[in-house]
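Both ligands and their constituent atoms are indexed starting at 1 by order of listing.
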Amino acid sequence: MKVAVIGGTGRMGRAIAKQLSRENQVVIGSRDPSRAREAALGTWGGTGDDYRGAARQTEASVLAIPYPALGQVSALKDVLSDKLVVSAVNPLKAEGGLLRYALEKGSAAEEIAGLLPRSHVATAFNNVSSFFFEREEVAPMDILVAADSRDTYEWAARLVRTVPNLRPLYAGPLSQAEVIERITPLVLNLATLNGTGSLSTRFVSTKDTG
Ligand SMILES: NC(=O)c1ccc[n+]([C@@H]2O[C@H](COP(=O)([O-])OP(=O)(O)OC[C@H]3O[C@@H](n4cnc5c(N)ncnc54)[C@H](OP(=O)(O)O)[C@@H]3O)[C@@H](O)[C@H]2O)c1
């Protein structure tokens, strides 16, 4: 797949671009194209461009930008039309010594779908710390994916499966993105409060355990 990583100069963007670039043609998107080209050096054969250029030349985009920056996405409405858009965005705030979910209700992914009405929006990768993707080999993990149609889910799941050891799990329609995004502060707080190092999602199945 030819895939853009919008915000691919950030911590999560660089890490996910590196892993996706093993099996996909990656274009890093940055507000500053020279920073995008520098970040692309950390991928296998990836290139860099500004957000519009990266979105225009690809069939799928992963959004790895901060929640407060989401407004910029609406300027990409035309170039992301009829394409897959995967949100990794988590609205978080620090309060009382813990990280908390920043929205009263709804999710970043649903807001993105509202900004991009002609795109196929899914949420994925929200609960994985970039540290897992910075490593050479990614640990076995479950990637929770929500999308309003099964076709959009399958498209996003195909992208997830291009990274060895990642298992996509369908979480239902995009209204479930709120549940997925809310897991992220829980996971981050669990890691801090228990000194475990970075944590991610992995479910145990009776099919695996017999
Ligand atoms: N870090 C993780 O482990 C992790 C894991 C899962 C999900 N996420 C999600 O991924 C998103 C990015 O997280 P991150 O930790 O990678 O953040 P980050 O290191 O701060 O990078 C964010 C990138 O977004 C771009 N950006 C666009 N508008 C921006 C603005 N107004 N202010 C700052 N940066 C802006 C920047 O790229 P340019 O300036 O080059 O355009 C920047 O490199 C967040 O929504 C987060 O919840 C992060």
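Taking the charged nitrogens against the carboxylate oxygens, E38 and R14 do have a contact shorter than 4.0 Å, which makes a salt bridge.
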Between ligand 1 and the protein, which N/O pairs fall short of 3.5 Å?
residue: ligand 1; atom: 3 (O); partner: S130; partner atom: N; Å: 2.7
residue: ligand 1; atom: 3 (O); partner: S130; partner atom: OG; Å: 3.4
residue: ligand 1; atom: 16 (O); partner: R11; partner atom: N; Å: 3.2
residue: ligand 1; atom: 16 (O); partner: M12; partner atom: N; Å: 2.7
residue: ligand 1; atom: 19 (O); partner: R11; partner atom: N; Å: 2.9
residue: ligand 1; atom: 28 (N); partner: R31; partner atom: NH1; Å: 3.4
residue: ligand 1; atom: 28 (N); partner: Q72; partner atom: NE2; Å: 2.9
residue: ligand 1; atom: 37 (O); partner: T9; partner atom: OG1; Å: 2.9
residue: ligand 1; atom: 39 (O); partner: R31; partner atom: NE; Å: 3.1
residue: ligand 1; atom: 39 (O); partner: R31; partner atom: NH2; Å: 2.9
residue: ligand 1; atom: 39 (O); partner: R35; partner atom: NH2; Å: 2.4
residue: ligand 1; atom: 40 (O); partner: T9; partner atom: OG1; Å: 2.5
residue: ligand 1; atom: 40 (O); partner: S30; partner atom: OG; Å: 2.5
residue: ligand 1; atom: 40 (O); partner: R35; partner atom: NH2; Å: 3.1
residue: ligand 1; atom: 41 (O); partner: R31; partner atom: N; Å: 2.8
residue: ligand 1; atom: 41 (O); partner: R31; partner atom: NE; Å: 3.3
residue: ligand 1; atom: 41 (O); partner: Y51; partner atom: OH; Å: 2.5
residue: ligand 1; atom: 43 (O); partner: T9; partner atom: OG1; Å: 2.8
residue: ligand 1; atom: 43 (O); partner: G10; partner atom: N; Å: 3.1
residue: ligand 1; atom: 45 (O); partner: I65; partner atom: O; Å: 2.8
residue: ligand 1; atom: 45 (O); partner: N90; partner atom: N; Å: 3.4
residue: ligand 1; atom: 47 (O); partner: N90; partner atom: N; Å: 3.2
residue: ligand 1; atom: 47 (O); partner: N90; partner atom: O; Å: 3.4
residue: ligand 1; atom: 47 (O); partner: N90; partner atom: ND2; Å: 3.4

> Going through the distances and angles, do K2 and E59 end up as a salt bridge (charged side-chain N to carboxylate O under 4.0 Å, His left out)?
Replying inline: CA-CA 6 Å; K2 195 163 184 190; E59 65 195 90; over 6 Å; no

>> Let's go through E110 and S107 carefully: what are the C-alpha distance in whole Å and the side-chain angles of both, what is the deciding distance for side chain to side chain donor-acceptor pair (under 3.5 Å) to 0.1 Å, and is it a yes or a no?
In response: CA-CA 5 Å; E110 289 166 283; S107 64; 2.7 Å; yes

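For the residue pair Y101/E178, the side-chain donor-acceptor check at 3.5 Å is not satisfied.
Side-chain atoms of R202 do not come within 3.5 Å of backbone N or O of D142 as any donor-acceptor pair.
In this structure, H120 and W155 have tilted ring planes: the angle between them lies in the 30° to 60° band.
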